[in-house]
Amino acid sequence: MDTQRLAELLFPQITKTPADIEAEFPPRALPEGAKVTRFAPSPTGFVHFGGLFPTTVAERLAHQSGGVLYLRIEDTDAKREVPGAAEALIRTLSVYGVNFDEGAILGEDGAICDRGAYGPYKQSLRGPIYQTFAKQLVREGKAYPCFTTEEELEELHQVNKKEELKNTDWEAQAEARRAEMLRRRAITMEEVEAHLAAGDPFVLRILADGAPDKKIRFTDLVKGNMEIPENDEDFVLLKSDGIPTYHFAHAVDDHLMGTTHVIRGEEWLPSLAKHLQLFRYLGFKTPKYMHIAQIMRLDEEGNKKKLSKRDMGANMDDYTRLGYCPEAVCEYVMTLLNSNYEEWRMQNPDKSYRDFPFNIKKMSVSGCLFDFQKLNDVSKNVISKMDAKTVAERVTAWALEFDPDFGKCLAKDASFAEAIFAIGRGGKKPRKDLATWADAKPYMGFFYDEFFAPECDYAEQYDRADIHAILTAFCEQYDENDDMNAWFEKIKAIGQELGYTPDMKAYKADPAAFRGSVADVSMFIRLAVTGKLNAPDLYSVMQILGKQKVLDRIHAMLSAMN
RNA sequence: GGCCCGUUGGUCAAGCGGCUAAGACACCGCCCUUUCACGGCGGUAACGGGAGUUCGAUUCUCCCACGGGUCACCA
């Protein structure tokens, strides 16, 4: 077959050569060791937690090494494309600290535009570039056109659609494919001309030179050394619309754009042989690869499964809605990404995670289970370090969107809200009771009459008359200007008169010797004032609430008891 | 089913031929404490199984089991 002629027949419109293209994409001038990484999403949906993972690695590696992080949109599948998805992707990533130096970025008008010298960064706009390399491959006899229609292929792969495939089906299918491949390869120039004359669409397939029983030795930066079988499948390079498949676009773009490290999920490992083959065919230097373990979830049977779109915690918007702050999510991601991160964090409690020396060697090879409990713990620590003003503002902002009734209460008086969140904040041992912004209402909602709802009654064992007497006495003696000590001394004294000891040690040693303790007295008052058995420091609560409201609530309790 | 990857406590994990097998989360107990939270102390809990290499295997090799991923004109 005259491959030179075939190339011209197939791609008459392509006049450039690969060398011309190469000249348009000169190597990057970067310092030694600088890494060029990328995020290359297909605009088919939202950002997935599993996607944030490799992306964070790419971001850290690039920016930590003085390199470049760029974004390339892999919109090679028009059928699946979701309008606006790319824009949303970029915005979400930005929230989680991933910002791009180059590529398809968001302009001031909110639309996507290119920045950088290696564009266009949308693959759908790079058709001629791919075709130039495709033409070259045809010329060299490394690729050929295939006129098999989608329907025919469908028929061939029909068995594949069924979940419960039997052994024999797989074998039969593989056999059928091999036969089909040979048939396709045997296409003659006459047949090609006839098809072309008839206007038949075709795909361009690679002419695979691999033997599956031969292995390629390969080193993945995360997975280490491995042996993978050579590729013998004539996979598609260009689809019938002239747009490349992922495999082809990956090789061409990552080469031209100067990617040094390809960071992606381990689900790509099985097609690695294809990529290696392509880089070799095209004469490109292969980048370094990092295949990152997947995040898993537990299914009904208790087995691990890849975290999928529909799972709670997959969509990054879930975290926003649940009230997790991005800093906490990033922090959690870092703990999963590098096993020594938590240790570093303990030694550097106030540094940004960006100061952490990210280390590829400290990455896990196996997939981990998503753990909300751990996220919550991480989040509590993150929030406990924020000042009251920040917490108040962010809780308010969150509530305004997801819990408007509560949000409006908070927004009404910002300094009041700030005072609420200042309780127990700061100092060496700050309260850690907020894992999410949504936790604020159950903890602090009682400050607002709208959400003040005494949630339980006094336990049976307490004498109603005692409670009544204590509350009444407290009302009589309460002085807003007392300091905490004086305030508490009064409470102790009130209790003691009725046989409620202020000496907790004595009480614990022999509870039967007393009617109760000052803990019980405090509880009576706390329940009346906050409506809850558990609340932040009662003295602070009263100071913030103000004398009138404190007395009102206690009086309300008193009359409710009658 | 083929191929590839993986397997240390409930979870995340350190370990890289010799250790009483770290640490964190969760859980339990104690202490601190007017409740809760915080903090402190302590506890329960692990090398999937079998061969081999070796004086010695969690660590190296092989086999098995289990789990995951993948087998498109999707990425």
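In what follows, chains carry the letters A, B, and so on, assigned in the order in which the sequence lines appear, proteins first and then strands, with residues in each chain numbered from 1.
- Using the six-membered ring where Trp is involved, Phe53(A) and Phe49(A) have ring planes that are tilted, between 30° and 60° apart.
- Put simply, OH on Tyr246(A) is 17 Å from C1' on C73(B), counting in whole angstrom units.
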What pairs of nitrogen or oxygen atoms, one from the protein and one from nucleotides 11-15 of chain B, lie under 3.5 Å apart?
| from | atom 1 | to | atom 2 | distance (Å) |
| --- | --- | --- | --- | --- |
| C12(B) | OP1 | Leu369(A) | N | 2.9 |
| A13(B) | OP1 | Ser364(A) | OG | 3.1 |
| A14(B) | OP1 | Ser339(A) | OG | 3.1 |

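- Only the P atoms considered, A22(B) is 14 Å distant from G9(B), to the nearest whole Å.
- Note on Thr501(A): nothing from the nucleic acid sits closer than 4.0 angstrom, heavy atoms only.
- Annotation: C25(B) and C5(B) have their P atoms spaced 35 Å apart (nearest Å).
- Nucleotide C73(B) holds its C1' atom 10 Å from the CG atom of Leu238(A), rounded to whole Å.
- For the atom pair Phe524(A) CZ and Ile494(A) CD1, the distance stands at 12.5 Å (nearest 0.5 Å).
- For Asn534(A) and Tyr443(A), the side-chain atoms include no donor-acceptor pair closer than 3.5 Å.
- Between Asp482(A) and Lys490(A) a salt bridge is recorded (basic side-chain N to carboxylate O distance below 4.0 Å).
- Of all nucleotides listed (C74(B), U34(B), U70(B)), C74(B) comes nearest to the side chain of Arg80(A).
- The OH-P distance, from Tyr539(A) to A37(B), rounds to 24 Å in whole Å.
- Straight-line distance between the P atoms of U11(B) and A72(B): roughly 33 Å, to the nearest whole Å.
- Among the heavy atoms of the strands lying under 4.0 Å from Thr76(A) are primed sugar atoms or P, OP1, OP2 only; no base atom is included.
- Which of A24(B), C5(B), C36(B) sits closest to the side chain of Met346(A) comes down to A24(B).
- Separation of the P atoms belonging to C31(B) and G18(B) is 41 Å when rounded to the nearest angstrom.
- Distances shorter than 4.0 Å separate none of the side-chain N or O atoms of Lys380(A) from OP1 or OP2 on A24(B).
- Ring geometry for Phe248(A) against Tyr130(A) counts as tilted: the plane angle lies between 30° and 60°, on a 0 to 90° scale.
- Between Trp268(A) and His247(A), the ring planes lie perpendicular to each other; the angle is over 60°, past the 30° to 60° tilted range.
- Between Phe370(A) and Phe372(A), the ring-plane angle classifies as perpendicular under the 30° and 60° cut-offs.
- For Gln373(A), whose side chain is taken as the heavy atoms from C-beta onward, the closest listed nucleotide among G39(B), G68(B), C25(B) is C25(B).
- Here Ser42(A) lies in heavy-atom contact (under 4.0 Å) with sugar-phosphate atoms only.
- The aromatic rings of Trp344(A) and Phe356(A) lie perpendicular to each other, with more than 60° between the two planes, well past the 30° mark.
- Distance CD1 (Ile467(A)) to P (U34(B)): 20 Å, rounded to an integer number of Å.
- Looking at residues 227-236 of chain A, you'll see Glu227(A), Pro229(A), Val236(A) sit with a heavy atom under 4.0 Å from some atom of RNA chain B.
- Of the possible donor and acceptor atoms, one in the side chain of Asp503(A) sits under 3.5 Å from a partner among the backbone N and O of Lys505(A).
- Close to C4(B), at under 4.0 Å from its OP1 or OP2, lies a side-chain N or O of Lys215(A).
- Between the side chain of Arg431(A) and the base of C36(B) there is at least one donor-acceptor pair of N/O atoms closer than 3.5 Å.
- The nearest whole Å value for the distance from the CZ atom in Arg184(A) to the P atom in C73(B) is 8 Å.
- The pair Glu342(A)-Lys374(A) meets the salt-bridge criterion, with a side-chain N (NZ, NE, NH1 or NH2) lying under 4.0 Å from an Asp/Glu carboxylate O.
- Annotation: of the two residues near RNA chain B, Ser271(A) and Gln294(A), the 5′-most nearest-nucleotide partner is Gln294(A).
- Atom CD of Glu489(A) has more than 12 heavy atoms from other residues, nucleotides or ligands within 6.0 Å.
- Each of Asp537(A) and Pro430(A) lies near RNA chain B, and the nucleotide nearest Asp537(A) is the one positioned closer to the 5' end.
- Among the protein residues, Phe488(A) comes within range of the nucleic acid bases, having at least one heavy atom under 4.0 Å from a base atom.
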*Would you write the dot-bracket representation of RNA chain B, where each base gets (, ), [, ], | or . depending on whether it forms a Watson-Crick or G-U pair under 3.5 Å and with which partner?*
((((((((.[[[..)..(....]]].(((((.......)))))....[[[[[..)....]]]]])))))))....
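- In this structure, Lys532(A) does not reach the U35(B) phosphate: none of its side-chain N or O atoms is under 4.0 Å from OP1 or OP2.
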_For a ring pair (Phe, Tyr, Trp, His ring centres under 6.0 Å) check, start with the C-alpha distance between His275(A) and Phe235(A), then their side-chain angles and the critical distance, and finish with the verdict._
CA-CA 11 Å; His275(A) 306 325; Phe235(A) 62 93; 7.6 Å; no
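- The separation of G67(B) from C16(B), taken at their P atoms, amounts to 31 Å, rounded to a whole angstrom.
- Backbone-only engagement by Lys306(A) is indicated by non-hydrogen atom pairs under 4.0 Å involving sugar-phosphate atoms exclusively.
- Within 4.0 Å (heavy atoms only), Ala519(A) reaches sugar-phosphate atoms of the nucleic acid but no base atom.
- Between Lys309(A) atom NZ and A75(B) atom P the separation is 14 Å, expressed in whole Å.
- Among the atoms of the strands shown, only primed sugar atoms or phosphate atoms (P, OP1, OP2) are found under 4.0 Å from some heavy atom of Arg205(A).
- Separation of the C1' atoms belonging to C64(B) and U54(B) is 23 Å when rounded to the nearest angstrom.
- The existence of a salt bridge linking Asp537(A) and Arg431(A) is excluded, since no basic side-chain nitrogen approaches an acidic carboxylate oxygen closer than 4.0 Å.
- Across the protein-nucleic acid pair, Asp439(A) atom CG and C36(B) atom C1' stand 14 Å apart, rounded to whole Å.
- Between Tyr341(A) and Phe358(A), every side-chain heavy-atom pair lies at or beyond the 4.5 Å cut-off.
- Within 4.0 Å of Lys492(A), counting heavy atoms only, lies no atom of the nucleic acid at all.
- A salt bridge links Arg178(A) and Glu175(A); the closest N-O separation between the charged side-chain nitrogens and carboxylate oxygens is under 4.0 Å.
- As a whole-Å value, the separation of Met226(A) CE from G69(B) P is 17 Å.
- Using C1' as the reference atom, C32(B) and C36(B) are 14 Å apart when rounded to the nearest Å.
- Looking at Thr245(A), its side chain has no donor and acceptor atom pair within 3.5 Å of the base of C73(B).
- Nucleic acid contact for Asn340(A): none, since no nucleic acid atom lies under 4.0 Å from a heavy atom of the residue.
- Note on Arg177(A): every side-chain N or O is 4.0 Å or more away from OP1 and OP2 of C71(B).
- Taking atom P in both U70(B) and A37(B), the straight-line distance is 43 Å, to the nearest Å.
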